[in-house]
Amino acid sequence: MIITLAEPHDVSKLLAFREEAAAWLRGLGSDQWSRPYPADKLLATIEAGTVFMLRDGHTTVGTITLTPDAEDGLWTEEELTEPAMFVNKLTVAREYAGQNIGGRLLDWAGERAYRAGALWVRLDAWTTNEGLQRYYIAQGFAHVRTVREGTAVNGGPRVSGWLAQRPARPADHGFTDHTPAPARLPFAA
């Protein structure tokens with residue numbers, strides 16, 4: 001499997017991934033991702049070079065967004081002085097579920113963050129999705145706190161404020177990485 005930067009034409013695939021994940025989550029009793037994500041915001045993250053696609057031949061297997069920019073209102077000023085990168089929108093096609101693709105994408109993100117000079121890989125997860133929170137704990141993340149105040153990126157009240165982090169580190173994720181080298185974080189050692 002090959003990991004590459006997303007391109008503008010991937011917006012429709014990313015929106016379809018989100019809809020597929022939302023339907024699966026509804027079946028589990030979760031309202032996660034039930035609000036549509038604005039395509040223009042998604043395109044902006046693609047153009048910023050922070051969205052990555054995992055491909056198996058011509059099939060898109062998964063996606064992950066990895067950015068040096070924290071969402072406003074989640075992390076403290078002190079935490080933001082530590083070099084970190086932030087995972088968002090991790091999604092795996094349902095046909096590839098159960099193969100640890102998500103865990104390997106998190107390992108890839110941790111290695112990329114490490115190469116950029118980050119100490120931490122951080123994320124925010126759906127506040128009421130305890131199964132997802134347990135998944136991240138099993139992937140080596142430690143819960144930092146839960147933030148309920150504020151507004152969601154796509155409107156409405158904050159719904160994704162369960163914060164977790166794990167050290168950025170080299171990893172054997174097994175993907176062929178066709179992405180450019182990450183830029184060094186401005187305050188990395």
Side-chain angles (χ1 to χ4, degrees), residues 1-7 10 14 17-18 37 41-55 61-92 100-127 129 132-147 150 152-154 158-189:
M1 287 186 226
I2 296 170
I3 193 156
T4 64
L5 279 171
E7 299 178 14
D10 288 316
L14 292 167
F17 261 9
R18 191 173 179 95
Y37 197 84
K41 287 186 185 282
L42 195 52
L43 182 58
T45 59
I46 290 171
E47 290 173 344
T50 60
V51 181
F52 303 90
M53 306 295 279
L54 181 64
R55 303 186 200 276
V61 175
T63 182
I64 191 168
T65 298
L66 183 65
T67 177
D69 302 318
E71 185 179 328
D72 289 341
L74 291 178
W75 299 91
T76 67
E77 298 230 1
E78 182 179 334
E79 288 163 341
L80 292 174
T81 65
E82 301 170 328
M85 293 192 77
F86 301 87
V87 167
N88 297 288
K89 299 182 219 57
L90 171 63
T91 313
V92 174
N100 193 33
I101 301 294
R104 290 169 58 199
L105 280 167
L106 290 168
D107 287 345
W108 173 86
E111 180 174 291
R112 185 171 180 84
Y114 176 82
R115 289 188 295 134
L119 296 177
W120 299 106
V121 177
R122 291 178 169 154
L123 56 80
D124 59 280
W126 205 255
T127 307
N129 189 336
L132 181 60
Q133 295 164 16
R134 285 190 299 275
Y135 171 78
Y136 285 127
I137 295 292
Q139 293 298 320
F141 285 82
H143 179 238
V144 176
R145 76 181 152 282
T146 301
V147 177
V153 171
N154 58 340
R158 181 175 311 283
V159 288
S160 187
W162 184 88
L163 306 184
Q165 64 185 15
R166 78 177 192 193
R169 60 182 180 250
D172 182 16
H173 48 73
F175 301 137
T176 301
D177 191 340
H178 284 191
T179 64
R184 293 289 293 174
L185 295 174
F187 44 85

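Just so it is clear, the structure is predicted and the values come from calculations on it, not from any experiment.
One distance of note links OH of Tyr135 with CG of Leu132; it measures 8.5 Å at 0.5 Å rounding. Atom CG of Asp69 is separated from atom CG of Leu80 by 10.5 Å, given to the nearest 0.5 angstrom. In this structure, CG on Leu42 lies 10.5 Å from CD on Glu47, to the nearest 0.5 angstrom. How far OG1 of Thr81 is from CD of Glu78: 6.0 Å, rounded to the nearest 0.5 Å.
When every heavy atom of Thr127 is checked against every heavy atom of Gly161, the shortest pair comes out as OG1-N, 3.0 Å. Across all non-hydrogen atoms, the minimal contact from Leu14 to Thr63 is CD2-OG1, 3.3 Å. Shown here for Arg166 and Leu106, the closest heavy-atom pair between the two residues is NH2-O, 3.1 Å. Contact record, Arg145 with Val147: NE-CG2, 4.0 Å, taken as the closest heavy-atom pair. Here the shortest heavy-atom pairing between Leu66 and Ala113 reads CD2-N, 4.4 Å. Nearest heavy-atom pair across Ala118 and Ala168 is O-CB, 3.4 Å.
A 4.5 Å side-chain heavy-atom check between Asn129 and Trp162 finds every atom pair outside the cut-off. Looking only at side-chain heavy atoms (C-beta outward), Leu90 and Leu123 stay at 4.5 Å or farther from each other. Using a 4.5 Å cut-off on side-chain heavy atoms (C-beta onward), Phe175 and Arg104 make contact. Side-chain atoms of Ile3 and Leu105, non-hydrogen and from C-beta on, do get closer than 4.5 Å to each other. Side chains of Trp108 and Thr179 form a contact here, defined as non-hydrogen atoms less than 4.5 Å apart. Two residues are said to be in side-chain contact when any heavy atoms from C-beta on lie closer than 4.5 Å; Asn88 and Asp124 meet this criterion. At a threshold of 4.5 Å between non-hydrogen side-chain atoms, the residues Pro68 and Phe86 do not count as touching.
Residues satisfying the salt bridge (charged side-chain N to carboxylate O under 4.0 Å, His left out) test with Arg112, not counting sequence neighbours, are none. Partners of Ala171 by side chain to side chain contact (heavy atoms under 4.5 Å, CB included), not counting sequence neighbours, listed by chain and number: Asp107, Glu111. Partners of Gln165 by side chain to side chain donor-acceptor pair (under 3.5 Å), not counting sequence neighbours, listed by chain and number: Arg122. Scored by the side chain to side chain donor-acceptor pair (under 3.5 Å) test, Thr146 finds His143 as partners (sequence neighbours excluded). Applying the ring-ring contact (aromatic ring centres under 6.0 Å, His included) rule to Phe141 yields the partners Tyr136; only residues at least two apart in sequence or on another chain are considered.
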>> side-chain contact (heavy atoms from CB on, under 4.5 Å), that's the test. Do Thr45 and Thr67 meet it? Break it down for me.
In response: CA-CA 9 Å; Thr45 59; Thr67 177; over 6 Å; no
> Where do Arg55 and Thr176 land on the side-chain contact (heavy atoms from CB on, under 4.5 Å) test, with the steps shown first?
Replying inline: CA-CA 10 Å; Arg55 303 186 200 276; Thr176 301; over 6 Å; no
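If you run side chain to side chain contact (heavy atoms under 4.5 Å, CB included) between Met85 and each of Val121, Leu119, Leu185, only Leu185 comes through.
Checking side-chain atoms of Gln133 against main-chain N and O of Trp126 turns up a donor-acceptor pair under 3.5 Å.
Applying the salt bridge (Lys or Arg N to Asp or Glu O under 4.0 Å) test to every pair with at least one member in residues 172-183, sequence neighbours left out, gives these pairs: Arg115-Asp177.
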